[in-house]
There are 2 protein chains.
Amino acid sequence: MKNNKIGMSHGAGGEVMGNLISETILANLSKKSVNGGIGLDALDDGATIPLENHEIVVTTDGHTINPLFFPGGDIGRISAAGTINDVAVMGAKPLAITNAMIIKEGFPIEDLSKIIKSMDETCKEADVGVITGDTKVMEQDKIDELVIVTTGIGIVEKGKAIRDSGLEVGDKIITTGSIGDHGMSLLSFREGFGFETDLKSDVAPVWGMVEKAIEIGGVTAMKDPTRGGLSNAINEMASKSGVGIIIQDEAIPIKQQVKAVSDMLGIDPYEVANEGKVIMGVKADLADETLNAIKKDKYGKEASIIGEVVEGKRVLIETPVGGQRILEAPIADPVPRVC
Amino acid sequence: MKNNKIGMSHGAGGEVMGNLISETILANLSKKSVNGGIGLDALDDGATIPLENHEIVVTTDGHTINPLFFPGGDIGRISAAGTINDVAVMGAKPLAITNAMIIKEGFPIEDLSKIIKSMDETCKEADVGVITGDTKVMEQDKIDELVIVTTGIGIVEKGKAIRDSGLEVGDKIITTGSIGDHGMSLLSFREGFGFETDLKSDVAPVWGMVEKAIEIGGVTAMKDPTRGGLSNAINEMASKSGVGIIIQDEAIPIKQQVKAVSDMLGIDPYEVANEGKVIMGVKADLADETLNAIKKDKYGKEASIIGEVVEGKRVLIETPVGGQRILEAPIADPVPRVC
């Protein structure tokens, strides 16, 4: 029997959320794309609207992160970077974001100021403008501190948008850096673990790095592995592309501290959000060159080829000793509201 | 001494909100426009990004309305129409909206379904696509039911965007219909007044009507009179254009029931939100023709020329008996969260 109320898992980026979206949202909407662009049904990182020789790329994200300030960033940085990155993984140059804030009555104006400054720093780094916005205030008992919804606008040459569904058999899979940093650092910070840690969020705007990779000419698919983490991103890419993927477990860069927190909590680091990483498919003959281009970017130093696209339908993960297991898409994000 | 916490008036669309926006938001952002388009500093209904022979028009709005369902509409309709209208009053054809929802855990899926259907109906009417979105769920004590943030994307020929600052001395001021319907109907419904009323929100997507008006060629300025109502819109248009305006009080269309509720509550109907109306400046020699074009649209039947642009700095309102008073911009919306 279906649950008729929204649960936390409906917002967690996994299978439960996927069902809500297809049954309650997609099924009730008639017009979901414009002028033949990429639309809502694609459930890609963004949508596109063809205009003259370009496609306008549009993406939107609600940020409900708790706490608002965390090691490595704050809600201002994540609101800007998250949206900039969703535009970037569509292969488009991010131009602008919009900033809609819903603020709790009584929220300190000094904190708001810090958050806006952080948003500004992040946008400056990516040469992105904050061009319009909206501010609403809700009563103290009606909202938790601050929610920020950003929408990103970018452009790409017509027909050059990069989908999450473009993988082809033989492509190599690249991660642009270590996995699980954002989710595990947030969780560790929030739970107030007693041990010393310098673990911090990887939140960063990655268009500069993505642009270097695209220029090589071999990128076939990209995805921003936020909610649901690497597991969700890679499974979506595989199923949308109609292919299988084999991942080498030992090739996945993962920080020692991420592993430690993950072991202690029994939470899979591949299932938690990343905020400054990209998962890419790249043509095999250009994979090394693309990897080198990524490594030249400050956010790409730990980039690695982690696997290969094969025929089939499953994402398999191979351990160093030769074992193989299925890497399932998470049912729901085990760490609610870290992005 | 400045209050250092956010208050309800900071989100209410009046002077207090204006100060917060300029001191805490605008002052902390560096890049506020892109490629010479209309940017955040303009505080217009939307921003523009020039691209080839067009300008992309972008606008965003957070919808925190309470209750979610009300006479004449619901949060789905207002989220779509509000954003479509902000694009429309920039003189741009709305193409698409994005839909970011923040939902309370436990929210009935049936209600969510109704809201999406209503959003769809509204978008269909305006031939607008819902092309991308985001869904977040927050715990029961962290959010009030449902917040929807929509971002609208439209296009206009380069250089043809219509500002709220384009008024020139001699222009006529048109309202496309009766004033105060949305705010007063919401308030009357929410307060559960015991008298019979068929008062309902005017929420509607008005691009069709706006397009008819623009085609005549005389529209110099437009604004969507939502938060802060007619008073706020007309004062913003005047001060941004560097002109004065004289309004004829008896020319402002206002429903008898709106007047009744307004008298009873002591709330100025000119200060509450409208959701399906436009305030326009029109060249005097094309004013009648523009008015007639508007009246042919189903949402423009009660359109009226209500005043004239003059030299000066003030918005004055003339009563039928010849009196004159200043129509001040509201300090804060007297009816919080009706849009």
Side-chain angles (χ1 to χ4, degrees), chain A residues 4-8 10-11 21 24-25 28-34 39-40 46-47 49 51-54 56 58-62 64 95-96 98 100 102-103 105-110 112-113 116-117 120 123-124 129-138 142-144 147 149 151 153 155, chain B residues 4-8 10-11 21 24-25 28-34 39-40 46-47 49 51-54 56 58-62 64 95-96 98 100 102-103 105-110 112-113 116-117 120 123-124 129-138 142-144 147 149 151 153 155:
Chain A
N4 59 0
K5 299 223 183 261
I6 294 288
M8 290 307 296
H10 283 118
I21 286 175
T24 308
I25 302 178
N28 284 321
L29 291 171
S30 324
K31 181 167 180 167
K32 288 173 277 188
S33 66
V34 170
L40 186 61
I49 302 174
L51 178 65
E52 299 185 57
N53 300 306
H54 288 87
I56 308 165
V58 186
T59 176
T60 195
D61 240 327
T64 59
L95 296 177
T98 69
I102 298 112
I103 314 173
E105 186 186 5
F107 190 80
I109 292 181
E110 198 186 328
L112 186 62
S113 192
I116 299 290
K117 279 178 189 158
D120 183 55
C123 284
K124 266 200 285 196
V130 181
I131 60 169
T132 188
D134 186 46
T135 304
K136 290 274 156 62
V137 178
M138 288 178 87
K142 306 284 189 189
I143 185 134
D144 184 28
V147 171
V149 176
T151 299
I153 313 288
I155 51 166
Chain B
N4 58 0
K5 300 223 183 260
I6 294 287
M8 291 307 296
H10 282 118
I21 286 175
T24 308
I25 302 178
N28 284 321
L29 291 171
S30 325
K31 181 167 180 166
K32 289 173 275 190
S33 67
V34 171
L40 186 61
I49 302 174
L51 179 64
E52 300 185 54
N53 300 307
H54 288 86
I56 308 165
V58 185
T59 176
T60 195
D61 239 325
T64 60
L95 295 177
T98 68
I102 299 112
I103 314 173
E105 186 186 6
F107 190 79
I109 292 181
E110 198 187 329
L112 185 61
S113 193
I116 299 290
K117 279 178 190 159
D120 183 55
C123 285
K124 266 200 286 195
V130 182
I131 59 170
T132 188
D134 185 47
T135 304
K136 291 273 156 60
V137 178
M138 288 178 89
K142 307 282 188 190
I143 185 133
D144 185 28
V147 171
V149 176
T151 299
I153 313 287
I155 52 166

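In what follows, chains carry the letters A, B, and so on, assigned in the order in which the sequence lines appear, proteins first and then strands, with residues in each chain numbered from 1. Computed from a predicted structure; not experimentally measured.
In terms of heavy atoms, B:T135 sits closest to A:H10 at CG2-O, 4.3 Å. The heavy-atom pair separating B:G11 from A:V137 by the smallest distance is N-CG2, 3.3 Å. B:M8 approaches A:M138 most closely through the heavy-atom pair SD-C, 3.9 Å. Counting all heavy atoms, side chain and backbone alike, B:K5 lies closest to A:P108 at NZ-CG, 4.4 Å. Of all the heavy atoms in B:T132 and A:L40, the pair that sits closest is CA-CD1, 3.5 Å.
Counting heavy atoms from C-beta on, the side chains of A:I102 and B:V149 come closer than 4.5 Å. B:V58 places a side-chain heavy atom less than 4.5 Å from the side chain of A:T98.
Between chain B and the residues A:L29, A:V34, A:T59, the most heavy-atom pairs under 4.5 angstrom are made by A:L29. Of the listed residues (B:I153, B:D61, B:L112, B:I103), the one with the most heavy-atom contacts under 4.5 Å to chain A is B:D61. Across B:I49, B:N53, B:I56, the residue that shares the most heavy-atom pairs under 4.5 angstrom with chain A is B:N53. Contacts with chain B were tallied for A:I21, A:I25, A:D134; A:D134 has the most, counting heavy-atom pairs under 4.5 Å. Listed options A:G46, A:S30, A:G39 were ranked by heavy-atom pairs under 4.5 angstrom with chain B; first place goes to A:S30. Listed options B:A47, B:G106, B:C123 were ranked by heavy-atom pairs under 4.5 angstrom with chain A; first place goes to B:G106. Top candidate by heavy-atom pairs under 4.5 Å with chain B, chosen from A:E52, A:K117, A:K124, is A:E52. Residue with the most contacts toward chain B among A:I143, A:T60, A:V147: A:T60 (heavy-atom pairs, distance under 4.5 Å).
Remark: A:I155 engages A:H54, A:L95, B:L51 in a side chain to side chain contact (heavy atoms under 4.5 Å, CB included) (not counting sequence neighbours).
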So A:N4 and B:E110, side chain to side chain donor-acceptor pair (under 3.5 Å) or not? Walk me through it.
-> CA-CA 7 Å; A:N4 59 0; B:E110 198 187 329; over 6 Å; no

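For B:S113, the parts sitting under 4.5 Å from any heavy atom of chain A are the backbone and the side chain alike. When heavy atoms are compared at a cutoff of 4.5 Å, A:K32 approaches chain B by way of both its backbone and its side chain. Of the two parts of A:T24, the backbone and the side chain both hold a non-hydrogen atom closer than 4.5 Å to a non-hydrogen atom of chain B.
One distance of note links NZ of B:K31 with CG of A:D120; it measures 11.5 Å at 0.5 Å rounding.
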